[in-house]
Amino acid sequence: SFSWYLMLSAYARNGKFREAKNMFDAMPQRDLPAWNAMLAAFTFTGDLEQSQHFFDRFPQWNLISWTTILVAYAQRDHIQETEQIFHTMPHRDLVCYNAMLAAYARCGYLENARSLFLGMPLRSIISWSTVLTFLAQVGLVVDAINIFKCMPEQDIRSSTAILAAYAKKGELESAKRWFDAMPYRDLVSWTVMLEAYIDCENVSEARNTFGLMPQTDLVSWTTMLAAYAQQGDLDRSKLLFDEAPQRDVISCNAMISAYAQNGRLEEAEEMFNGMPQR
RNA sequence: UCGCGGGGCUUCU
């Protein structure tokens with residue numbers, strides 16, 4: 001039998017606002033998960049005002065409703081509202097602590113993040129990873145590695161965050177050593193290694209790595225595309241763009257900016273005008 | 001059943 005809810009949450013997860021809204025409006029009855037899924041569709045659009053307005057119309061709220069709206073503010077860097085929500089919501093669980101922690105991290109609030117982390121009643125691997133990633137992203141790789149050694153279990157996302165930090169600092173040797181020592185590598189860690197070579201302007205090693213990757217996706221293709229563009233190798237950029245598994249707004253923007261960077265303004269404009277929307 | 005952490009263009013860093 002047909003499930004309204006499954007359709008609604010599928011649309012919401014894929015950012016199909018209009019379709020989600022149609023489902024929501026047509027549902028014979030709406031339970032709290034349905035309201036929450038619809039709220040997620042609102043927040044996905046990035047329109048905080050509409051999201052808040054919708055949130056205010058809820059017949060009731062649960063932790064998930066509160067956390068969804070909290071994350072919406074956090075993702076737009078409205079840290080004050082995020083904090084306010086965090087403190088006014090009736091209960092806080094681990095997910096919501098993690099979301100607040102990530103919000104501080106996004107804004108670079110090291111002290112707030114630290115004291116929240118230390119004061120947390122419970123920590124999950126995500127709490128540890130959030131703090132580790134924060135330290136790694138601000139260049140405190142040694143501290144990040146200390147966290148890595150202390151955490152109860154070490155996962156690939158934390159490991160990749162450290163790899164990314166090495167890449168960002170231009171420490172290619174350390175990056176490669178870390179990469180090779182990882183218990184296993186996934187698409188993201190391979191792509192970060194690719195970035196490491198690119199950041200050191202070692203595009204030929206990046207090309208080798210790209211060829212060695214067990215899987216690739218639109219992100220890794222776009223990474224290579226941008227790398228070639230930076231070298232002024234527009235032909236290879238265009239080739240990757242044309243043969244990429246898919247296209248999205250970011251890969252189109254990357255191609256447009258590839259043309260623009262290299263003074264090929266007519267082609268840039270042509271692509272820009274040919275884009276689906278905006 | 002629904003909410004949190006790692007990779008690509010652009011802005012910030």
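So you know, we letter chains A, B, ... as the sequences are listed, proteins then strands, and number each from 1.
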Undergrad: My understanding is that only residues two or more places apart in sequence, or in another chain, count here; which of them pass ring pair (Phe, Tyr, Trp, His ring centres under 6.0 Å) with W178(A)?
TA: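 Here the qualifying residues are F148(A).
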Undergrad: Check this for me: R207(A), atom CZ, are more than 12 non-hydrogen atoms of other residues, nucleotides or ligands nearer than 6.0 Å?
TA: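 Atom CZ in R207(A) is packed in, count exceeds 12.
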Undergrad: Reading RNA chain B 5' to 3', which nucleotide is the first, and which the last, to come under 4.0 Å of any heavy atom in chain A?
TA: U1(B) to U10(B)
Undergrad: If you find the nucleotide of RNA chain B closest to D186(A) and the one closest to K168(A), which residue's nucleotide is nearer the 5' end?
TA: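 The answer here is D186(A).
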Undergrad: Taking RNA chain B as the partner, which of residues 28-44 of chain A come within under 4.0 angstrom of it by heavy atom?
TA: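 P33(A), N36(A) - these, ordered by number, are the residues of the stretch whose heavy atoms sit under 4.0 Å from the strand.
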Undergrad: Roughly how far apart, to the nearest Å, are C9(B) and U13(B) at atom P?
TA: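 It comes out at 16 Å once rounded to the nearest Å.
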Undergrad: Return one dot-bracket line describing RNA chain B 5' to 3' (Watson-Crick or G-U wobble pairs, both distances under 3.5 Å; ( ) same strand, [ ] crossing, | another strand, . none).
TA: .............
Undergrad: When you look at CZ of R106(A), are more than 12 heavy atoms from neighbouring residues, nucleotides or ligands closer to it than 6.0 Å?
TA: yes
Undergrad: For a quick check of understanding: with a heavy-atom distance under 4.0 Å over all strands, which category does T130(A) fall into, base, sugar-phosphate or nothing?
TA: sugar-phosphate
Undergrad: For RNA chain B, find the residues of residues 190-211 of chain A with a heavy-atom distance under 4.0 Å and give them by number; none if there aren't any.
TA: T191(A), V192(A), E195(A)
Undergrad: When the P atoms of C12(B) and G8(B) are compared, how many Å lie between them, rounded to an integer?
TA: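 Approximately 16 Å lies between the P atom of G8(B) and that of C12(B).
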Undergrad: Taking any heavy-atom pair under 4.0 Å as a contact, classify S220(A): base, sugar-phosphate, or nothing.
TA: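 The answer is base, as S220(A) lies within the cut-off (heavy atoms under 4.0 Å) of a base atom.
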Undergrad: Mind checking if S158(A) touches a base, just sugar-phosphate, or nothing, with heavy atoms under 4.0 Å?
TA: base
Undergrad: Run the side-chain hydrogen bond (donor to acceptor under 3.5 Å, both in side chains) check on S129(A) and D155(A) step by step: do they pass?
TA: CA-CA 8 Å; S129(A) 173; D155(A) 67 346; 4.8 Å; no
Undergrad: Are I198(A) and Q230(A) close enough that some pair of their side-chain heavy atoms sits under 4.5 Å apart?
TA: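 Touching, per the 4.5 Å side-chain cut-off.
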Undergrad: Pairs of donor and acceptor atoms involving the side chains of residues 5-14 of chain A, under 3.5 Å and at least two apart or interchain, shall be tabulated with distances.
TA:
from   : atom 1 : to     : atom 2 : distance (Å)
S9(A)  : OG     : Y5(A)  : O      : 3.3
S9(A)  : OG     : L6(A)  : O      : 3.3
N14(A) : ND2    : A10(A) : O      : 2.7

Undergrad: Residues two or more places apart in sequence or in another chain: which of them pass ring pair (Phe, Tyr, Trp, His ring centres under 6.0 Å) with F24(A)?
TA: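 Checked F24(A) against ring pair (Phe, Tyr, Trp, His ring centres under 6.0 Å); matches are W35(A), F54(A).
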Undergrad: Decide if atom CD of Q231(A) counts as having more than 12 heavy atoms of other residues, nucleotides or ligands within a radius under 6.0 Å.
TA: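 Counting neighbours around CD of Q231(A), more than 12 heavy atoms of other residues, nucleotides or ligands fall under 6.0 Å, so yes.
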Undergrad: Donor-acceptor pair, R157(A) side chain versus I126(A) backbone, under 3.5 Å?
TA: no
Undergrad: Is it possible for you to check whether R264(A) lies under 6.0 Å from the centre of the six-membered ring of Y259(A), through NZ or CZ, and within 45° of that ring's axis?
TA: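 No, R264(A) and Y259(A) do not form such a contact.
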Undergrad: Between F17(A) and F42(A), does the ring centroid distance fall short of 6.0 Å?
TA: yes
Undergrad: Please list, chain by chain and in numerical order, all residues satisfying side-chain contact (heavy atoms from CB on, under 4.5 Å) with A254(A), sequence neighbours excluded.
TA: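 A254(A) satisfies side-chain contact (heavy atoms from CB on, under 4.5 Å) with T222(A), L225(A) once adjacent residues are dropped.
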Undergrad: What residues from residues 69-94 of chain A pass a heavy-atom cutoff of under 4.0 Å to RNA chain B?
TA: V71(A), D93(A)
Undergrad: Which pairs count as salt bridge (Lys or Arg N to Asp or Glu O under 4.0 Å) when at least one residue sits in residues 221-232 of chain A, sequence neighbours excluded?
TA: none
Undergrad: Using a heavy-atom cut-off of 4.0 Å across all strands, would you classify L218(A) as base, sugar-phosphate, or nothing?
TA: base
Undergrad: Does anything in residues 193-226 of chain A form a ring pair (Phe, Tyr, Trp, His ring centres under 6.0 Å)? List the pairs, not counting sequence neighbours.
TA: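 For residues 193-226 of chain A: F210(A)-W221(A).
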Undergrad: How about Y104(A) and F117(A): are their ring centroids closer than 6.0 Å?
TA: no
Undergrad: Once side-chain contact (heavy atoms from CB on, under 4.5 Å) is applied, do any residues pair with E171(A), and if so which ones, sequence neighbours excluded?
TA: Y166(A), K169(A), S174(A)
Undergrad: If the C1' atom of U1(B) is compared with that of G5(B), how far apart are they to the nearest Å?
TA: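 Looking at atom C1' only, U1(B) and G5(B) are 23 Å apart.
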